Number of protein chains: 2
Amino acid sequence: MAKLNRSLIADVEIFNGLQDEDLDTVLEPASALRVAKDAAVFEQGGAAERFFLLLDGALRVVQTTREGQQVIARYIAAGSLVGIAPAIGRDTYPASAVAAVDCVLLSWPMSAWPDLTARFPVFAANAYRTVGQRLQETQDRVIELSLAQVEQRVANAVLRLVRQTGRKTEDGIEIDFPVSRQDIADMTGTTLHTVSRLLSAWESQGMVRSGRKRISVTDPHRLMLVSQGAKDA
Amino acid sequence: MAKLNRSLIADVEIFNGLQDEDLDTVLEPASALRVAKDAAVFEQGGAAERFFLLLDGALRVVQTTREGQQVIARYIAAGSLVGIAPAIGRDTYPASAVAAVDCVLLSWPMSAWPDLTARFPVFAANAYRTVGQRLQETQDRVIELSLAQVEQRVANAVLRLVRQTGRKTEDGIEIDFPVSRQDIADMTGTTLHTVSRLLSAWESQGMVRSGRKRISVTDPHRLMLVSQGAKDA
DNA sequence: TTCCGAAATTGCGTTTGCGCAACGTTGCGA
DNA sequence: TCGCAACGTTGCGCAAACGCAATTTCGGAA
């Protein structure tokens, strides 16, 4: 678990400030795992027995209601901690995490948490900052859902995905994993129909190009205007 | 700062598990303050120089956008920590906190945070659990905003307030601080008009009684059905 | 006690976005 | 290569909720 991973995680932000020997200590109780596309890393309501660091790939964090309706809480990009229930005093996972593409993760048993946070304040601070950022983002989403129209919300969601995982292609900047209309709808509290209509409209105006589970933004600036409520662009 | 407050905070949940002498240590750097109704405890964007414990009263936590639209993030009831930016690695307050009624608080300088959390793991754990709960609640609100209709959301908001601060009166259970239609609208992402219409309708059905900045619930069970999307009740 | 302003009510027209349904498309596995 | 299932598109009607405006009610300050 030691040398092999040190390079893998050398530039993972959460380990900034740790010495090499400390890194080894942190990694000692960890194990690596691969998760295939569409497989779950953990399930909502399940006992929180491990926490994770996403090394490569992207995760979709999904919450499902009793009635089976679902909402995408967020996407997790490589380099982030996931499933850190103990940081917030929980012993079950509040959501499910599903691999959006094939993923590589590190995982630790929860039992390692008290020790890690106690011995590495930098690690603890990083973890709590992550929680804080998620609270902030979630709060921002509440504001958006409360005040913005569907068109602005969808534009924003697309822009966020592009910012997080955008990859340059000949069509513009493409979201680097498969995203369906339904996925975007689940992120913005609307229906796949409305998302489809919006994407079609934007495509005809030359702001995006999209296909089956694929979205590229060709004119980010104009889409940004839309996300800010410009009547036209 | 010692004996006087010990009784005040004897049953504050966040201090559970602390010995008396530890309590004194915790309280040593603290100071008490009173905040009059409608005055701010701290302001969004301001430097986070102190954190607070609400001993008595109720706070409204408000976020305001650049365009001046506002959303009520949450109400804080007595016994909760507020303004704990450092717990999540921030140095400015992400929102403003306004006294909904006259309030009594304890406040600590931020500089006390590292010491307190290091010396009193129970305190730290409580603080992080608070953050976790808020993340959870905020997440739940995203789900609600994404999936539920306005009527259900408003019913839910009223029920939440009643649950948090309900006080028995002859009219049923009353929310224990002034809440305007606009406040409810800011909590649910709708307009004061719609809230007014809903409250009127519910009142004519005998589920609530309400007046100027005052709401009582007379039939919580039926209102609960509404909040769960029952067509009628 | 009176008066003023904030809060609340309510009617009406309009818009947004949903729901349904029918139809087209694409890519993968047999 | 074919067939099918998942994904996407689009037209149409409708309901929910907004926005505006006119009016009323209430409570506190002068």
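Treat the numbers as computed from the prediction; the structure is a model and nothing was measured. Chain letters run A, B, ... following the sequence lines, proteins first and then strands; every chain starts at 1.
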Atom-to-atom span, CZ of R214(A) to P of dT9(D) - whole angstrom: 11 Å
Basic-acidic side-chain contact under 4.0 Å: R160(B), E137(B): no
Strand-adjacent residues in residues 172-191 of chain A, judged by heavy atoms under 4.0 Å from DNA chain D: S180(A), R181(A)
For atom CZ of R212(A) and atom C1' of dG24(C), their distance in whole Å: 11 Å
Distance in Å, R209(A) CZ paired with R214(A) CZ, rounded so as to fall on 0.5 Å steps: 7.0 Å
Inter-residue atom distance D140(A).CG - Q133(A).CD, 0.5 Å rounding: 11.5 Å
Side-chain donor/acceptor of R197(B) to base of dG19(D), under 3.5 Å: yes
Sub-4.5 Å side-chain heavy-atom contact between R134(A) and T138(B): no
Interatomic distance, L199(A) CG vs dG8(D) P [rounded to whole Å]: 9 Å
Rounded distance (Å) that lies between atom P of dG17(C) and atom CG of L147(B): 17 Å
Nucleotide dC18(C), atom P - distance to CG of L198(A) in whole Å: 9 Å
Nearest-0.5 Å distance, CG of residue D171(A) to CD1 of residue I173(A): 11.5 Å
Backbone of A73(A) reached by a side-chain donor or acceptor of R141(A) within 3.5 Å: yes
Nearest-nucleotide comparison on DNA chain D, the residue closer to the 5′ end among V150(B) and S196(A): S196(A)
Atom-pair distance (CG on L192(B); C1' on dA17(D)), nearest Å: 13 Å
Between C1' of dT24(D) and NE2 of H193(B), the distance in whole Å: 15 Å
Between P of dA5(D) and NZ of K213(A), the distance in whole Å: 17 Å
